[in-house]
J.: 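Encoded as structure tokens, here's the structure I'll be asking about.
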Amino acid sequence: MMNRRLFHKTVGLSALTATVPTFLQKTGSALAAGARSSDRVLVVIQLGGGNDGLNTVVPYADARYYRARPKIAIADRSVLRLDDTLGLHPEMLELHRLYQDGGLAIIMNVGYPNPNRSHFRSTDIWETASAADRILKTGWLGRYFDAACAGVPTDPLGLRIGDQPSLAFAGDRLRAATFANPKMLENPAEGPAGRAMQRLSAVEETGIAALDFVQRTGNQSAALSRELQRAAKQVRPKVDYPPFALCQSLRLVAQMIVAGLPPRVYYVTHGGFDTHAAQPQRHAYLLQEFSEAVALFHADLKAHGQLDRVLGITFSEFGRRVAENKNAGTDHGAASVLFAFGGKVKAGVHGKAPNLSDLDPLGDLVHQVDFRQVYAGVLKGWLGADPDRVLAGRFEPFPLIETGGKGS
Amino acid sequence: MKPTVTWNEAAARHLLSRACFGGTPEQARQLAALPLDKAVDQLLDKAANAPGPDRPEWVREVWVNKLRRYADMPREEYLVTFRRASTRNDEELLDLKARWVRHMVKTPAPLRENLTLFWHGHFTSASSKMFAVTQAFYQQNETWRKHALGNFRTFLEAVTLDPGMLIYLDMEESNKDNPNENYARELLELFALGVGNYTEKDIREIARALTGWTLDAPPGTVKPDRPTSPETARSLRRDGLVPTFVPSRHDAGIKTVFGKTGRFGVKEVLDLVVAHPACGPHIASRLIDYFGAHDPQGTLKVRMAKAFVESRYEIRPLLRELFTSPEFYAPECRGNRIKSPVRLLVGACRDFDLQGEITPSLAQSTVPLGQELFNPPTVKGWPSGEEWITSTTLALRYRYGEVLLDGKPLTGTEPLGRIRGTLIPREPTEARKTISRLLAIDAEKAGSTSKDGIRIRFEADRLVPAELANDPAALVEQLLRRVLVVKPRDASRSAMVEACKAVPPAERAKLVARLILACPEYQVE
């Protein structure tokens, strides 16, 4: 029988890994103290609601674009030019600078066959990396943890900043945590109540699955809270982030990366892209936030000397219809653009401007790159995992990572 | 042979916990004294005949849009109107939430409210996407309660033409030139059939069949002879909340749905939907998911679906089948379900017989735990089961005594940053000014929502005789027996007894209540 008192000492649980009962190991609740600053980190930024790729990376040389969008097209003279055919939305000043400095990759026309236009279903498809006609209950990142990190005793391996857990992290074992604010994990109780609460958090197997699940989660929660407090104390950001949601989420992610916390994958959400009406105003501030937040995060990591450990990618459940609707907005579409950044990313525009003469029957863009190719590229090129063990089916890894000696 | 139910006090406790937000050992004893069928019928009868909550004074006979933005209105004047209307609506919505929680706690027929909550998570509408129409939420809540154990076909028609639903899933603006597919899609995907039981074409055809319905002022209303700009958002120019059929907006052509062809409108489409073989199993599995049952072979689902079809789509026989089934009382099922945050709050108020007033701030205390009334996160509704528990929500649940016993809101739950919501000027001084202005607005809003406070009280003598506090072991035992549906772990019992010994007797019952809220066993039902 395990001496339960050991669990309540302030030492990290990693010291106990060898003696942790299998019941606890099931969740991998052990959480190592101390930085492991050599591990590579992936940061996923979800642009929730379906980002309009055409008004984000604008095909400003294409008259068909202007014909399809008389009210909401971005004028050719105001785009931030990438090349002779494409330009960024005028509010993406910071990312345009990053592009010019060789730190931003833009992958054009990313999607999947038989695109689904329901927010929920299509988000599930992206998060589970399933085919459109197949329902998977596990996420691509959860399967990566299952396939490639089974021997890693530390948790959480995934961390989402937000209100709800992400399906992307669902696996045979849940190895991810979610919070909107790290203070939520702290328990301020003191005195007899505080001491008793420590004891209540001891894990004692009952055979009731839901109850045992609660106990294991409690154990993980306490350990994570200690690590977060350490990160906040030890790491000071090297740039000023404004008080907006995505900026502040990435500020915290940078702190955790620099402090060497266990997560290998961070997941943040920037929502509100479902621009059915009055798109111009709304899309402008959404992209401004996106651009500023990513650029600050990039600069912060670089100043801490951590940029080469980090790859960031974006995704959105779908792009939007090519033709604008009657409310100066756009309806759910299909293929869209994806961004990537980091010290080792293969920068530049990958692919060409979308072909606006070759639309699908609903008037949506046809994808040229399957998003699972991008995932395969991330898994193989960045995380060093075998994509075939994570993705259902074979996908040619998209060359997203510099294999040479590029660094920052 | 079909396994049978061992109907006893423990089984009755299980039923009360799942169906009625909990019950005391005494209530379980009374219920267990009846045969199972009679006990379940009694609960269902009570639920069917239960009165709803009182009507709030802010509900109007005729709803008038106070938010109209006329084309000739100066921006300043409009902003004043806008702020006034939006503040009033925020207050009404908070009041509505408090009224509902109050009713869940006080009602003699909690099953009716639990079912209303179930349907609210099934036929969703979310306040975050519906601006300034609190009255529509009141009406929707009344409608869901009215049909909660009635006829599903009748219910589905009330849902389809519910003002809140017409707004939430965009049918209000759908017309024959631009049929909006949003409602049609969710009707099939989430509300009635489930994925895989229809085609994209069915969705498009149903969307056409449902065109023509919109919201308007009551017939005969004289509308203001003052135009709104066509660019104005719908919420700023809506004339009323009365579902109205406008023939000129309806696509009266031939439609083909599930292989059947005709000039379908709402009634015909809903007849086809409920008659679809996937409808009964879909509703059955949603109910099984909500109330919990151990149904690995799907046998219970089949029986429930059969009861549904044979009764011509009545909901009550489905529930009766569920609550009398061996699958519902299976050993694998007992205590093996995570309470939802609302279940936790309402259950705790009932379990500890908390006194005082249920205020909006108390009703909102479930938000950081992952559940806000009238605002489910997606059209799919709320999570369920283990999805409720994360490192974070669990840490907050363990601190719930701060809310329920100390009357304080949970600290540290605010989001990390605000939604930008507007373009920030690029010039640094202007940017700083804009940001401070936005933060000032947030601070003002935060102050206004918490001013009512949490005014609920714990009174030890309502639960245990005062002298019991002198015997910590007996005190702990009695309170645990009163509120837990699972056997307490040794660690819990001994931690509570030890803690009691460190404080004066008068503080002990409250301390035990605090620790019960902070223990894993209290999270399950």
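Lettering follows sequence order; numbering is per chain, from 1.
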J.: For each of B:Met496, B:Arg514, B:Arg418, B:Glu402, tally heavy-atom pairs with chain A at distances under 4.5 Å, and name the one with the top tally.
T.: B:Arg418
J.: Could you walk me through whether B:Arg334 and A:Ile208 pass the side-chain contact (heavy atoms from CB on, under 4.5 Å) test, one step at a time?
T.: CA-CA 8 Å; B:Arg334 303 291 177 94; A:Ile208 300 173; over 6 Å; no
J.: side-chain contact (heavy atoms from CB on, under 4.5 Å), that's the test. Do A:Phe213 and B:Val524 meet it? Break it down for me.
T.: CA-CA 10 Å; A:Phe213 170 76; B:Val524 297; over 6 Å; no
J.: Between B:Leu439, B:Asn178, B:Leu190, B:Asp490, which shows the greatest number of heavy-atom pairs under 4.5 Å with chain A?
T.: B:Asp490
J.: When rounded to the nearest 0.5 angstrom, what distance separates CZ in B:Arg185 from CZ in A:Arg121?
T.: 11.5 Å
J.: Is it the side chain or the backbone of A:Leu246 that comes within 4.5 Å of chain B heavy atoms, both, or neither?
T.: neither
J.: Does any backbone or side-chain atom of B:Glu521 lie under 4.5 Å from a heavy atom of chain A? Answer side chain, backbone, both or neither.
T.: both
J.: So for atom CD, which belongs to A:Glu190, do other residues, nucleotides or ligands contribute more than 12 heavy atoms lying within a distance under 6.0 Å?
T.: no
J.: Most heavy-atom pairs under 4.5 angstrom with chain A, which of B:Ser494, B:Gly196, B:Pro368, B:Gly385?
T.: B:Ser494
J.: At a heavy-atom separation under 4.5 Å, does B:Pro331 approach chain A through its side chain, its backbone, both, or neither?
T.: neither
J.: Quick one: closest heavy-atom pair of A:Ala193 and B:Leu515, and the distance?
T.: O-CD2, 3.8 Å
J.: What residues of residues 271-288 of chain A sit under 4.5 Å from chain B when you count only heavy atoms?
T.: A:Ala284, A:Tyr285, A:Gln288
J.: Starting at CZ of A:Arg117, measure out to CD of B:Glu181 and round the result to the nearest 0.5 Å.
T.: 9.5 Å
J.: What I want to check is whether the side chains of B:Ser492 and A:Arg199 have a donor and an acceptor closer together than 3.5 Å.
T.: no
J.: Looking at chain A, which one of B:Pro520, B:Cys500, B:Gly421, B:Gly401 has the largest number of heavy-atom pairs inside 4.5 Å, strictly under?
T.: B:Gly421
J.: I want to check something: taking the side chain as every heavy atom from C-beta on, are B:Ile435 and A:Pro242 in contact at a cut-off of under 4.5 Å?
T.: yes
J.: How far apart are the C-alpha atoms of B:Glu173 and A:Lys326, what are their side-chain angles, what is the distance that settles it, and do they pass the salt bridge (charged side-chain N to carboxylate O under 4.0 Å, His left out) test?
T.: CA-CA 11 Å; B:Glu173 298 214 77; A:Lys326 290 187 175 166; over 6 Å; no
J.: Among A:Ser118, A:Ala196, A:Ala177, A:Pro243, who wins on heavy-atom pairs under 4.5 Å with chain B?
T.: A:Pro243
J.: Can you name the nearest heavy-atom pair linking B:Ser391 to A:Leu185, along with the distance?
T.: O-CD2, 3.3 Å
J.: Looking only at non-hydrogen atoms, find the nearest pair between B:Leu416 and A:Ser249 and report the distance.
T.: CD1-CA, 4.2 Å
J.: Counting heavy-atom pairs under 4.5 Å with chain A, which one of B:Val195, B:Ile424, B:Asp170, B:Asn182 comes out on top?
T.: B:Ile424
J.: Any non-hydrogen side-chain atom of A:Val214 less than 4.5 Å from a side-chain atom of B:Leu394?
T.: yes
J.: So do the side chains of A:Met197 and B:Cys519 get within less than 4.5 Å of each other, counting heavy atoms only?
T.: no
J.: I'd like to know whether B:Glu186 forms a side-chain contact (heavy atoms from CB on, under 4.5 Å) with A:Phe120, so could you lay out the CA-CA distance, the side-chain angles of the two residues, the decisive distance to 0.1 Å, and finally the verdict.
T.: CA-CA 11 Å; B:Glu186 305 312 355; A:Phe120 318 101; 3.7 Å; yes
J.: Roughly how far apart are B:Thr411 OG1 and A:Glu186 CD, rounded to 0.5 Å?
T.: 8.5 Å
J.: Where the side chain of A:Asn181 meets the backbone of B:Pro415, is there a donor-acceptor pair that is under 3.5 Å apart?
T.: no
J.: Checking salt bridge (charged side-chain N to carboxylate O under 4.0 Å, His left out) for the pair A:Glu292/B:Arg426: CA distance, chi angles, key distance, verdict?
T.: CA-CA 11 Å; A:Glu292 190 174 6; B:Arg426 294 283 174 179; 5.6 Å; no
J.: If a pair satisfies salt bridge (Lys or Arg N to Asp or Glu O under 4.0 Å) and one of its residues is in residues 376-390 of chain B, list it, with sequence neighbours excluded.
T.: A:Asp124-B:Lys380
J.: For B:Leu396, is it the side chain, the backbone, both or neither that has a heavy atom under 4.5 Å from a heavy atom of chain A?
T.: both
J.: Would you please test A:Cys247 and B:Arg420 for side-chain contact (heavy atoms from CB on, under 4.5 Å) and show each step?
T.: CA-CA 10 Å; A:Cys247 290; B:Arg420 186 171 290 239; 4.1 Å; yes
J.: With rounding to the nearest 0.5 angstrom, report the CE to CG distance, A:Met184 to B:Leu410.
T.: 8.5 Å
J.: So which atom in B:Ala495 and which in A:Leu200 form the shortest heavy-atom distance, rounded to 0.1 Å?
T.: CB-CD2, 4.2 Å
J.: Return yes if a side-chain donor-acceptor contact under 3.5 Å exists between A:Gln215 and B:Arg489, otherwise no.
T.: yes
J.: Shorter than 4.5 Å, heavy atoms on both sides: which option in B:Thr390, B:Val379, B:Asn336 has the most such pairs with chain A?
T.: B:Asn336
J.: How many angstroms lie between atom NZ of A:Lys183 and atom OG1 of B:Thr392, to the nearest 0.5 angstrom?
T.: 14.0 Å
J.: Does B:Leu423 CG have over 12 foreign heavy atoms under 6.0 Å away?
T.: yes
J.: Can you confirm whether B:Val486 sits close enough to A:Thr206 that some side-chain heavy atom of one is under 4.5 Å from a side-chain heavy atom of the other?
T.: no
J.: A:Leu211, A:Asp331, A:Leu252, A:Asn325: which one forms the most heavy-atom pairs within less than 4.5 Å of chain B?
T.: A:Leu211
J.: Answer yes or no: does atom CG of A:Asp240 have more than 12 heavy-atom neighbours from other residues, nucleotides or ligands under 6.0 Å?
T.: no
J.: Report the option among A:Ala180, A:Ser221, A:Pro192 that has the most heavy-atom pairs separated by less than 4.5 Å from atoms of chain B.
T.: A:Ser221
J.: Once you round to the nearest 0.5 Å, how far does CD1 of B:Ile338 lie from OG1 of A:Thr217?
T.: 7.5 Å
